[in-house]
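Per chain, numbering begins at 1; letters A, B, ... match sequence-line order.
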Amino acid sequence: MQLEIPKKLSAVIEQAHMVATEVFRPISRKYDLAEHTYPVELDMLASLMDGMKEGDGLGGVGAGKLKREKAATRGSSVRNGTNMSTVLGLTELCWGDVGLALTIPRQGLGNSAIAAVANEEQLKRFKGAWAAMAITEPGAGSDSANIRMTAVRDGDHYILNGEKIFITAGERANVVVVWASLDLNVGRAAIKSFVVEKGTPGMNFVRLDHKLGIRASDTATILFNDCRVPKENLLGSPDIDVQQGFGGVMQTFDDTRPVVAAMALGVGRASLERTRELLKERGILGGYERTLFGSTAAEAELYRMEADLEAARLLTLKAAWMADNGIPNSKEASMAKAKAGRVANHVTLRCLQLCASVGATETELLEKWARDSKILDIFEGTQQIQLLIIARRLLNKSSAELR
Amino acid sequence: MSRNPVAASLSMLNRFSGSPLVHRLGLYKPAQLIARTAAREGIKAGVALQRQFKATQKLMRPERLDKVAKPSDLFDLNISEEQQMIRDMAQRFGREVLRPAAIKADHDRITPEGFEGQLAELGLAPFAVPEKLGGTATESSVVTGVLVAEDLSYGDLGLALAGLAPIGVANALVRWGSADQQAKYLPAFTGATPPKSSIAIAEPRPLFDPNELRTRATLDGDGFLLKGEKSLVPLCESADFLLVAASLIGKGPRMFIVEKGTAGVKITKEPALGARAAGLGRVALDDVRLPGHAILGEGVDACDFTELVDLSRIALCALSVGTAQAVLDYVITYCNERKAFGEPISNRQAVAFMIANIGIEVESMRLLTWRAASRADHGLPFHREAYLARVICAEKGMEIGTNGVQLLGGHGYIQDHPVERWYRDLMSASVMEGGLLL
Ligand SMILES: Cc1cc2nc3c(=O)[nH]c(=O)nc-3n(C[C@H](O)[C@H](O)[C@H](O)COP(=O)(O)OP(=O)(O)OC[C@H]3O[C@@H](n4cnc5c(N)ncnc54)[C@H](O)[C@@H]3O)c2cc1C
């Protein structure tokens, strides 16, 4: 057992941290205020990341490079691979700014869906694309199996109809991975994902949302009106296999949940670190000397938050480590996401309170972090949805028994 | 009682491999493996069995355990094959020996008849003692200790504490004891009836902090004079000796070896909320005169008290983890079976989400504890990690204890189910300091 970060991954952490301090932090407030303005500063960063290979520091960080390893044969050596490096890198980037990390060109959530299920030909065709992910609809968010968007086969094309909302990078990305049903009567087994290129006739941008936080990241609504997509753009098998069903598409979430957890760790740590600096001026040192109850209330609060963040961090590393070593981790991925999401939100809010008006005003980033963190307990499955997944696993229940 | 050391070792191995308990629990295979190491390492060193604690060999210098060399620097949650083997044994022992004995032990406030013998058969103590002193230990084993503590505490926290407290004292002697102290006390731990002893740090005082001890030690000629009071001391009445924390005037907190029967030591039962099987007691020290060599370590600055408290907190955390896991497993079964309003109560989110949260937080407690332990084994600083583990285990242990009872409703409040005991045990563990260490 060895629960420290391996040296070979320190390059990822250092580079990501450098990006966070040198690129993100200086423009963090700027794009919080200038919502919907594209952060041009990221173009340079993105080309830098494109040029890097896996294992070259930041090269392994992008969501597009996540991959699930096959189960290791017993006795073979342990791996710390792309899942772990992604988690570590994103923690640092989000220590800088969650919104900016979400809008790095060509590192979208759609990229990880493509990486997970695309065939060779598709991988080649969509190489270098910036892919957003469009699952959510006005009538179906958590209940993603209940989407109404349809895809009807017509010769060499599918015709898409429906409305997608809350698409991260929906305006900036050049392709969108869209979930649609081949047959609304069949249910989840009929849901397929399609890559739709920007500019395809029938694909219409409706609006960009104004949000509580992560304002540097655009959130778009797109209407699909008889939008014709080549049949080669369907990801995975075109057949409706009731046996196999939803598993395939849901699999991606086991890999991306620890990534969102990692983002939460970053913003949570940023708040805690800054608060500690600010409280030092008030004589609050926090050297782990006195017992919890012998400490001042502010110190005890810092200890509790640090312990919870550390727990979330280890849960996240565990989930990533399992993925890297081919161990099924659905429950652990949800544990990481649930814990990190709620802890990060709590930490950013409490830190704001501890710093009083300094925490609430725009001279500091604490108030921004307190807004940014909230989304991490919502997207990629809300707190409640994670608890459902964990509870079903622990209690051995189906989604019909425990809804 | 003095015997040829080789004969004593052989008889220990014989008892172990021939033990009906070992067979009944299906521990024969692992037992054989352990016996093999014991045979390889144990016999040549020999084992001395005498309770009056006289050194039978002279050590030139104290025996210390090596830090664990990292196999690689990769993040790795796997445990070694040897650890898995020990875990298998500890798990069986926890489930099949400790759990069934827990109700009565809790009620009687003492370990059951024959408990020490069963524990000795499990053969954990020799793992703490260096080869040269008759044990099998070669390297630091805080992680192994954590795993064992978890698994035994899964059976019962009080009994696990009773069983592990003496090993904690052995660990302290290995880590900080002088050559003479090691030669005097350690060989006995590998025998059939290891000494009873434990670590006394806590004092009966609200907001107690181990760094602000009221128990005082003053220099008195070539020895020390101790005055003060210790609380929640495991195995208190039956202890052959205790390691007592006292603040040495002008120096700070130090540990002292206090043997049974020393004048001025008054031991009384201290009935408490939980961990009752450990026979908790209070120790009053009324101008207790100790010889100069009673201070733990070679000289007055040998023992790192902060490290000792940290290792003790890691052990207490491990106990909490084991019991919290017991709560989780129990409520899963119960809530799946219990029906209300026409279906299993676990079909309701209010119930299911509480269980999911117990699952998350047990894992939080475990991972923080493991990380602190693994840093200790690898020779990295671990004060911060032990502190944070303690914070989480105290906070979440309390929460899990109370939710465990809640999930069984009125039935949880009745002693027919173990959740009320776990409620009490987790609370006690959350306020303890000392008792044992890894
Ligand atoms: C800024 C932002 C970016 C986003 N980016 C993307 C994106 O890129 N792609 C995409 O597809 N989607 C995206 N989303 C959508 C996001 O994933 C959904 O909002 C989220 O999954 C919740 O769905 P909902 O909003 O419809 O809430 P609902 O499903 O309506 O849930 C409302 C509340 O009910 C609770 N709830 C729902 N069902 C249950 C249940 N069975 N048991 C208990 N409680 C339940 C939820 O936890 C929540 O608290 C984004 C959203 C935001 C705000």
Side-chain angles (χ1 to χ4, degrees), chain A residues 1-9 77-80 84 287-294 300 303-304 306-315 317-318 320-322 324-325 327 331-332 334-336 338-339 342-343 383-384 386-397 400-403, chain B residues 70-80 83 143 206-212 306 328 332 335-336 343-344 346-349 351-361 363-368 370-371 373-375 377-378 380 383-392 394-396 433:
Chain A
M1 186 188 297
Q2 206 291 107
L3 305 184
E4 306 307 308
I5 304 302
K7 272 196 204 69
K8 72 163 189 171
L9 293 179
S77 54
V78 66
R79 278 185 293 241
N80 288 176
M84 187 162 297
Y288 318 102
E289 272 154 23
R290 311 179 62 99
T291 60
L292 191 63
F293 300 122
Y303 292 145
R304 285 201 187 90
E306 188 178 0
D308 267 329
L309 264 180
E310 181 64 10
R313 190 182 74 90
L314 290 169
L315 285 167
L317 288 175
K318 179 179 179 181
W321 174 83
M322 291 173 84
D324 277 339
N325 289 282
I327 308 166
K331 181 180 79 190
E332 289 75 11
S334 284
M335 283 187 170
K339 178 79 181 173
R342 70 195 186 196
V343 165
Q383 176 71 216
Q384 290 71 24
Q386 306 307 331
L387 293 181
L388 266 182
I389 295 168
I390 298 161
R392 283 183 197 139
R393 295 264 165 183
L394 286 173
L395 294 160
N396 195 21
K397 281 192 187 294
E401 290 164 317
L402 180 59
R403 291 171 293 142
Chain B
K70 291 184 186 179
S72 80
D73 88 329
L74 294 182
F75 180 96
D76 190 3
L77 279 155
N78 288 314
I79 58 175
S80 73
Q83 285 171 331
V143 168
L207 294 179
F208 170 73
D209 185 330
N211 289 315
E212 293 167 7
T306 303
L328 175 64
I332 286 173
C335 297
N336 272 339
E343 60 179 344
S346 58
N347 282 10
R348 311 273 169 169
Q349 288 190 356
V351 168
F353 285 8
M354 265 165 94
I355 295 173
N357 279 320
I358 294 175
I360 293 171
E361 300 305 350
E363 202 53 27
S364 295
M365 291 164 65
R366 177 176 289 125
L367 289 172
L368 260 73
W370 283 12
R371 173 147 189 257
S374 109
R375 286 180 68 93
D377 273 349
H378 292 131
L380 299 169
H383 176 62
R384 168 183 175 264
E385 288 71 21
Y387 189 97
L388 297 179
R390 168 75 167 181
V391 169
I392 277 277
E395 300 273 300
K396 303 304 174 189
E433 292 277 11

Side chain, backbone, both or neither: which part of A/K397 has a non-hydrogen atom closer than 4.5 Å to chain B? side chain
Would you say that A/T291 contacts B/E433 through its side chain, given a criterion of any heavy-atom pair below 4.5 Å between the two side chains? yes
Counting heavy-atom pairs under 4.5 Å with chain A, the top scorer among B/L368, B/L207, B/D377 is B/L368
Of the non-hydrogen atoms in A/M1 and B/W370, which two are nearest, and what is the gap between them? CE-CE3, 3.3 Å
Side chain proximity check, B/S364 to A/L315, heavy atoms < 4.5 angstrom: yes
Separation between OG of B/S346 and CG of A/L395, rounded to the nearest 0.5 Å: 5.0 Å
Highest number of heavy-atom pairs under 4.5 Å with chain A: which of B/V391, B/N347, B/V143, B/I79? B/N347
What residues form a side-chain hydrogen bond (donor to acceptor under 3.5 Å, both in side chains) with A/K331, not counting sequence neighbours? none
Would you confirm whether B/Y387, through its side chain, and A/R290, through its main-chain N or O, come within 3.5 Å as a donor-acceptor pair? yes
Is it the backbone or the side chain of A/Q384 that comes under 4.5 Å from a heavy atom of chain B, or both, or neither? both
Portion of B/E212 that has a non-hydrogen atom of chain A nearer than 4.5 angstrom: side chain
Begin from the C-alpha positions of A/L388 and B/Q349 and carry the test side-chain contact (heavy atoms from CB on, under 4.5 Å) through to its verdict. CA-CA 8 Å; A/L388 266 182; B/Q349 288 190 356; 3.7 Å; yes
Any side-chain heavy-atom pair from B/R390 and A/L292 closer than 4.5 angstrom? no
Flag the one option from B/E361, B/R384, B/E363 with the top tally of heavy-atom pairs under 4.5 Å to chain A. B/R384
Stepwise side-chain contact (heavy atoms from CB on, under 4.5 Å) test for A/Q2 and B/N78: CA-CA 8 Å; A/Q2 206 291 107; B/N78 288 314; over 6 Å; no
Under a 4.5 Å heavy-atom cut-off, does chain A meet the side chain of B/N211, its backbone, both or neither? side chain
Can you tell whether the side chains of B/R371 and A/E4 come within less than 4.0 Å, N to carboxylate O? yes
Any chance you could lay out the side-chain contact (heavy atoms from CB on, under 4.5 Å) test for B/D76 and A/W321, step after step, and finish with the verdict? CA-CA 8 Å; B/D76 190 3; A/W321 174 83; 3.3 Å; yes
Residue from A/L314, A/D308, A/L9 scoring the most non-hydrogen pairs under 4.5 Å with chain B is A/L314
Does some side-chain heavy atom of B/I360 sit less than 4.5 Å from a side-chain heavy atom of A/I390? yes
Close side-chain approach of B/L388 and A/E306, heavy atoms under 4.5 Å: yes
Separation between CG of A/D324 and CZ of B/F75, rounded to the nearest 0.5 Å: 10.5 Å
For A/R313, check salt bridge (Lys or Arg N to Asp or Glu O under 4.0 Å) against everything at least two apart and list the hits. A/E310
Where does B/R366 contact chain A at under 4.5 Å (heavy atoms): side chain, backbone, both or neither? neither
For the interface with chain B, which of A/L394, A/L387, A/N396 has the highest count of heavy-atom pairs at distances below 4.5 Å? A/L387
Would you sort out whether A/R79 and B/L74 count as a side-chain contact (heavy atoms from CB on, under 4.5 Å), showing the intermediate values? CA-CA 7 Å; A/R79 278 185 293 241; B/L74 294 182; over 6 Å; no
Against chain A, label B/L380 side chain, backbone, both or neither, depending on which of its atoms sit under 4.5 Å from a heavy atom there. side chain
Mark yes or no for whether B/D73, through its side chain, and A/P6, through its backbone, hold a donor-acceptor pair below 3.5 Å. no
